[in-house]
Amino acid sequence: MCGITGWASFHSDARTQAPVIEAMTATLTPRGPDAGGVWLGERAAIGHRRLAVIDLEGGVQPMTDRPDRPDLVLTYSGEVYNHHELRTQLRARGHVFRTRSDTEVVLRAYAEWGEAVAEHLEGMFAFAVWDERAQRLLLARDRLGVKPLFWATVDGGLAFASEPKALFAHPEIRPRVDADGLREAYSLLFNTGPTVWSGVREVEPGGVLVLDRAGIRERRYWQLEATDHTDDQDTAIERTRALVGAAARSQLEADVPLCSLLSGGIDSTVLTALLADELRRREGPDARIRSYAVDYSDQAEQFTGDVLRTGHDTPYATEAGAFIGTDHSTVVLDPRALLDPEHRKAVVVARDSPIGVGDMDTSLYLLFGEIRRHSTVALSGEAADEVFGGYPWFHNPKALAAETFPWLLVTGDEAAMPLNPELDLRIAEFRDDTYRTALAAVPHTDGESPAEHRQREMQHLSLTRWLRQLLHRKDRLSMAQGLEVRVPYCDHRLVEYAFTTAWALKSFDGREKSLLRAMGAGLAPDSVLHRPKNHYPATHHPDYNRGLQQMARDALASEQVRALADETRIKPCLDTPPDRLEWGQRLRLERVVDLALWLDHYQPELAL
């Protein structure tokens, strides 16, 4: 896992701009603390920061096809889990390898298949290849969008990077925000393509972008498709077990210490059990995987349920760790750590965005920092809810009947910082238009029942929108600590199978995630298997609420913040006693604090 950046331009000589590519690359040092390098050619400049995970000595980047006068230059982030199989295929086609890294497999795969290279890769990745022969730059991103990849135009070409902050180190790209950017950020619709930053876009998940002298062109090499599903219940359970198991096994490879995130929910517990079993098979019966959970100093005594949380995680995580046989640790955080201005700023800078989830982001950032002291790679249960139908909106008649994005019924305007009405952003209209566009992209099969039709819409929206912001959060906060997080439930073969599976099979026991629960029998304690869905934990300590209110008051002292925020809707949150502050009120305050930090750090031009 690494950070990539660079540009290609047909109007300038990149060889004269070494300080620019070096500055762009330096912004990504947290993503790649182990090494860095740049390559300069006449029409392209390529930068790389490396987090060494596989072939620590041989995987140095930018990587070229030959040392002198290369034809191909690659900068690559991620992991390709089928690189051993691809290496065998490519050797049979005459390719000679100098390293055992998956990076070189991607380079040789491009040499063999050109613009079709991404279609042969299985894993999470974002990369750029400069082809000197064709005078062509290719950008590619994995199917689910696990790894980020941003781009913006420059004179005669484009620049790219793992994070927008690297783009802003290029003299032609400035941090600028207009009304469209604020709508994208605060509507909570999670479009892929446009960003909060004017002129900065994402490469689509499952997409490639090509720049050559003819211009820029984009295409999708993968997207979800609807097909008829004929498996019965027993077959579907076995197929799911095989797919989840294969994904877990394929993602255990690393030349550095590896661990699992174990929250005490069914997703992470089943995954951790599969990983532990495979590790014992490879290394012997005494092998144990490390596992980690996060908790807050007040939870045991002061846990309070809310719209997202049904119970305290720690007892379940501890029980699951003992059941599986992991070396389990719980990272306990207190209000002071969560309120620390340096921690809050680090999170906002990692995201490059004013939109986050407050203490849940800060705690995840601190958890990853603690994990990084012992491990370089962590495996996470992210995406199981989207894949197997775990969210409340899959099962709530009101959500199923609503003509809007289902998560807005949970978050709604409570989760979005209220913006100054004088901005006239017309977010409600934007949401309606975007929802219609999103539904038009959902594939269907002939003869679907109305119920099946609606559930396919819900799953498509969840996989192509809601999941993407969770993956961004996981990537940016983990890589800010130099930690690689892998997500086996995002294996595209598993996602494809689950998407085509009939809803009746996903809910055959009358509950959420029926297939996962059935295949997980024996892998997790019954208490975990049958536990209701619980979201990522949040602190309930009055001291945190009190400190947050003060930070929000300080934020509102900024003229820029007051110009963007609706003070009349924020003031009641400031006046509420700390021990009575509700989840939605608190999240409004979190948004105000993050906005102030974001404005202060980036000093963006506001073109409103």
Side-chain angles (χ1 to χ4, degrees), residues 1-4 28-37 46-65 72-91 95-111 117-118 120-129 140-142 146-149 162 246-260 275 278-279 281-283 287 289-290 368 371-372 374-380 474-475 478-479 481-488 490-492:
M1 199 73 72
C2 306
I4 68 172
L28 300 175
T29 298
R31 297 186 72 92
D34 296 329
I46 306 295
H48 188 267
R49 289 297 314 186
R50 187 183 186 207
L51 177 65
V53 172
I54 294 175
D55 191 2
L56 307 188
E57 298 298 325
V60 176
Q61 298 187 52
M63 184 174 284
T64 61
D65 59 338
L72 303 176
V73 185
L74 169 70
T75 184
Y76 157 73
S77 170
E79 304 291 346
V80 170
Y81 303 123
N82 65 330
H83 71 98
H84 294 296
E85 295 89 336
L86 289 175
R87 185 184 298 267
T88 299
Q89 292 179 35
L90 291 166
R91 277 179 171 155
H95 292 271
V96 177
F97 287 84
R98 304 189 305 262
T99 75
R100 58 182 183 84
S101 67
D102 59 334
T103 304
E104 189 176 8
V105 170
V106 175
L107 181 67
R108 304 296 173 187
Y110 175 85
V117 56
H120 296 265
L121 310 179
E122 297 171 4
M124 56 179 190
F125 52 82
F127 62 86
V129 179
R141 193 172 178 201
D142 66 72
V146 180
K147 302 313 299 173
L149 185 53
S162 296
R249 289 190 297 273
S250 72
Q251 299 189 27
L252 259 180
E253 181 180 3
D255 295 336
V256 291
L258 178 148
C259 69
S260 179
L275 296 171
E278 178 63 15
L279 199 64
R281 187 189 70 80
R282 295 182 186 184
E283 300 182 9
I289 192 170
R290 282 182 178 267
F368 288 150
I371 292 173
R372 185 62 175 90
H374 308 284
S375 300
T376 307
V377 175
L379 287 97
S380 168
K474 188 84 73 176
D475 171 85
S478 62
M479 293 307 293
Q481 297 282 22
L483 178 73
E484 174 180 302
V485 175
R486 300 177 181 176
V487 280
C490 284
D491 183 284
H492 73 277

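Values below: every heavy atom of this structure, side chains too, minus hydrogens, waters and symmetry copies.
With a 4.5 Å cut-off on side-chain heavy atoms, Leu74 and Tyr110 do not count as touching. Side-chain contact between Leu258 and Leu252: present, with at least one pair of heavy atoms (C-beta onward) separated by less than 4.5 Å. A 4.5 Å side-chain heavy-atom check between Thr103 and Val80 finds every atom pair outside the cut-off. Contact of the Val73 side chain with the Gln61 side chain is not registered, since no non-hydrogen atoms from C-beta on lie closer than 4.5 Å. Contact annotation: the side chain of Tyr81 approaches that of Met124 to within less than 4.5 Å [non-hydrogen atoms, C-beta and beyond]. For the pair Val377/Cys259, no side-chain contact is recorded, criterion being any heavy-atom separation below 4.5 Å from C-beta on. You'll find the side chain of Gln251 stays beyond 4.5 Å of the side chain of Glu79, heavy atoms only. Within the 4.5 Å cutoff, the side chain of Val129 has no heavy atoms near those of the Met63 side chain.
Under a 3.5 Å cut-off, the side chain of Thr64 and the backbone N or O of Leu72 do not form any donor-acceptor pair. Checking side-chain atoms of Thr75 against main-chain N and O of Pro62 turns up no donor-acceptor pair under 3.5 Å. Side chain of Arg50 to backbone of Gly36: no donor-acceptor contact under 3.5 angstrom is found. Side-chain atoms of Asp142 come within 3.5 Å of backbone atoms of Phe125 as a donor-acceptor pair (strictly under, hydrogens ignored). In this structure, Arg49 contributes its side chain and Gly32 its backbone to a donor-acceptor pair below 3.5 Å. Listed for the Ser77 side chain is a donor-acceptor partner under 3.5 Å among the backbone atoms of Cys2. Judged by distance alone, with hydrogens and angles left aside, the side-chain atoms of Thr376 form no donor-acceptor pair with the main-chain N or O of Arg372 at under 3.5 Å.
From Leu275, atom CG reaches atom CZ of Arg486 across 10.5 Å, with rounding to the nearest 0.5 Å. Atom NE2 of His84 is separated from atom CG of Leu86 by 10.5 Å, given to the nearest 0.5 angstrom. One finds the CG atom of Leu107 at 10.0 Å from the CG atom of Leu90 (value rounded to the nearest 0.5 Å). Annotation: the span from Asn82 atom CG to Ser250 atom OG amounts to 8.5 Å, rounded to 0.5 Å.
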Should Val485 and Leu379 be marked as a side chain to side chain contact (heavy atoms under 4.5 Å, CB included) after you check the CA-CA gap, both sets of side-chain angles, and the distance that decides it?
CA-CA 6 Å; Val485 175; Leu379 287 97; over 6 Å; no
Show your working on side chain to side chain contact (heavy atoms under 4.5 Å, CB included) between Arg100 and Asp255 and close with a plain yes or no.
CA-CA 12 Å; Arg100 58 182 183 84; Asp255 295 336; 3.0 Å; yes
For Lys474 and Val146, run side chain to side chain contact (heavy atoms under 4.5 Å, CB included): C-alpha distance rounded to whole Å, both residues' side-chain angles, the deciding distance at 0.1 Å, then the answer.
CA-CA 9 Å; Lys474 188 84 73 176; Val146 180; over 6 Å; no
Between Ile46 and Ile4, does a side chain to side chain contact (heavy atoms under 4.5 Å, CB included) hold up when you go through it step by step?
CA-CA 8 Å; Ile46 306 295; Ile4 68 172; over 6 Å; no
Going through the distances and angles, do His83 and Glu253 end up as a side chain to side chain donor-acceptor pair (under 3.5 Å)?
CA-CA 11 Å; His83 71 98; Glu253 181 180 3; 3.1 Å; yes
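Between Asp102 and Tyr76, the side chains place a donor N or O and an acceptor N or O closer than 3.5 Å (distance only, hydrogens not considered).
For the residue pair Arg249 and Glu278, the shortest heavy atom distance occurs at CD-OE1, 3.2 Å. Counting all heavy atoms, side chain and backbone alike, Gly3 lies closest to Leu28 at C-CD1, 3.8 Å. When all heavy atoms of Phe97 and Glu104 are compared, the closest pair comes out as CA-OE2, 3.4 Å. In this structure, Leu51 and Met479 approach most closely via the heavy-atom pair CD2-CE, 4.4 Å. Scanning both residues, Ala118 and Ala140, for their nearest heavy atoms gives CB-CB, 4.2 Å. Residues Thr99 and Gly58 share a closest heavy-atom pair of CG2-O, 3.1 Å.
Take His120 and apply the ring-ring contact (aromatic ring centres under 6.0 Å, His included) test, not counting sequence neighbours, and it matches Trp113. Partners of Arg98 according to the side chain to side chain donor-acceptor pair (under 3.5 Å) rule, which considers only residues two or more places apart in sequence or in another chain, do not exist here.
Checked for salt-bridge contact, Asp475 and Arg31 meet the test: a charged N lies under 4.0 Å from a carboxylate O. Between Glu85 and Arg87 no salt bridge is recorded (no basic side-chain N to carboxylate O distance below 4.0 Å).
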